[in-house]
Amino acid sequence: AEKQYQFTVDTIAPEISVSYDNNDAQNGDQFKGDRTATIVITEHNFTAQNVNVQITTKNAQGDVSISDYAADLREDANWEHNGDTHTASISFSAEANYTFAIGCTDLAGTANTGVTYAEGTQAPEAFTIDKTNPAGSIQIGAWEQTWTDFPETAEDDRSFGLWDNKTVQVTVTNTDELSGIASVEHFRSSEILSLEEVQESDAWIQAELDANGTFTYQVEPDERFVVYVHLVDRAGNEAYLSSDGVIVDSTFPDVEKVAPVVTLAPAQPSENGIYNTDVRVDVDVQDPVSGADVFSGLKSVTYKIYNKSLR
């Protein structure tokens, strides 16, 4: 008796194409939003068990835990089938440095020879997702206080409450562990500005960072100032910082021109300065403004009362 055998000859390799929904890369391979990869495999003799996906995810501390996409894509239920076309998706949402690779072997043992990426795809096989704003701090002079943010109501939360009579050093630090810092800008203002005014300012200066990502500079007397800083990481996330107001005043008063003005006003004037009852004397002291609105204010007012004429 004759026996019949059925078999398939398949010499055509699977074809794999991948497209991403987010190709808005900064600095070539940095993204500040999630990405979804859509995988399409064209193959007549397809089996999900022969799909091989390799994904690594790391940050500065080591591996980042994500879903086991390799196992997911070996499950037939995670694919949509339309004839010889088989489609699945992977969503990348965890903040990490990613690598991505995919391959497929059909039931005849023939492997794909490459992967086609959609036109306009940016960084399909190695990229970073960083959705966190960079962090930084401003430190001025010998004060222990540091400033790490920009208050929502700067006019209410910031004031010219710090004084010094000598040169002070401004130190700005920054950090962004995932994508890294792309740029740091700064400027000083003699006024307390709102966030909108700071963002629209044309006074920004590009900072020259040292090996540790820090920059410093000196502010000489006589000046009053607020330090503003703009941080941008390589993924395009940004942050603004604002210091408190500082007055650096080393100018001694000119006795004749800008010494504090003292006014004595007896409540009951007398023609000869002699009284036969208690006398109330009002003392009014004002610290004049000199230079570009730089003045330290009055530290103390001292007065003495003598019970005899001074000669």
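For the pair Arg158 (side chain) and Ser242 (backbone), a donor-acceptor distance under 3.5 Å is present. Of the possible donor and acceptor atoms, one in the side chain of Arg224 sits under 3.5 Å from a partner among the backbone N and O of Ser190. Not a single donor-acceptor pair under 3.5 Å links the side chain of Gln49 to the backbone N or O of Val51. In this structure, the side chain of Asp21 engages the main chain of Thr36 through a donor-acceptor pair within 3.5 Å.
Hydrophobic clustering (side-chain heavy atoms under 4.5 Å, transitive across Ile, Leu, Val, Met, Phe, Trp, Tyr) keeps Leu195 apart from Val232. Following chains of ILVMFWY side-chain contacts shorter than 4.5 Å, one cannot reach Ile102 starting from Val40, and the two form parts of different hydrophobic clusters. Following chains of ILVMFWY side-chain contacts shorter than 4.5 Å, one can reach Tyr20 starting from Ile41, so the two form part of one hydrophobic cluster. Linking Ile, Leu, Val, Met, Phe, Trp and Tyr whenever their side-chain heavy atoms come within less than 4.5 Å puts Ile16 and Leu73 in one cluster. Taken together through direct or relayed side-chain contacts under 4.5 Å among Ile, Leu, Val, Met, Phe, Trp and Tyr, Tyr217 and Val246 form part of one hydrophobic cluster.
Every residue two or more places apart in sequence or in another chain that forms a salt bridge (charged side-chain N to carboxylate O under 4.0 Å, His left out) with Asp34 is listed here: Lys131. Considering only residues two or more places apart in sequence or on other chains, Asn52 meets the side chain to side chain contact (heavy atoms under 4.5 Å, CB included) condition with Gln54. Looking at residues two or more places apart in sequence or on another chain, you find a side chain to side chain contact (heavy atoms under 4.5 Å, CB included) between Thr105 and Asn50, Ala111. Annotation: side chain to side chain contact (heavy atoms under 4.5 Å, CB included) contacts of Thr56 (sequence neighbours excluded): Thr99.
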Under 3.5 Å, sequence neighbours excluded: what are the donor-acceptor pairs made by side chains of residues 200-208?
from   : atom 1 : to     : atom 2 : distance (Å)
Ser201 : OG     : Ala203 : N      : 3.0
Trp204 : NE1    : Val198 : O      : 3.2
Gln206 : NE2    : Val184 : O      : 3.4

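Across all their heavy atoms, Ala94 and Ile66 have their closest contact at CB-CG2, 3.8 Å. The two residues Pro221 and Lys166 have their closest heavy-atom pair at CG-C, 3.9 Å. Here the closest non-hydrogen pair linking Tyr228 and Ser189 is CE1-CB, 3.8 Å.
Counting only residues at least two apart or in different chains, side-chain hydrogen bond (donor to acceptor under 3.5 Å, both in side chains) contacts with residues 169-182 comprise Gln61-Glu177, Asp130-Ser179, Ser137-Thr173, Gln169-Thr171, Gln169-Gln218, Asp176-Ser179.
Taking the side chain as every heavy atom from C-beta outward, Asp84 and Phe46 never approach each other to under 4.5 Å. Using a 4.5 Å cut-off on side-chain heavy atoms (C-beta onward), Trp147 and Leu241 make no contact. At a threshold of 4.5 Å between non-hydrogen side-chain atoms, the residues Glu223 and Arg188 count as touching. Looking only at side-chain heavy atoms (C-beta outward), Asn112 and Glu43 stay at 4.5 Å or farther from each other. Side-chain contact check for Arg35 versus Ile129: some heavy-atom pair is nearer than 4.5 Å. At least one side-chain heavy atom of Glu95 sits under 4.5 Å from a side-chain heavy atom of Thr132. By the 4.5 Å heavy-atom criterion applied to side chains, Val115 and Ser17 are not counted as neighbours.
Between Phe31 and Phe92, a ring centre-to-centre spacing not shorter than 6.0 Å is recorded.
Looking at Asn97 and Thr128, their side chains do bring a donor and an acceptor atom within 3.5 Å of each other.
In this pair, Tyr98 and Phe127 present their aromatic rings parallel. The plane angle is below 30°, not in the 30 to 60° band.
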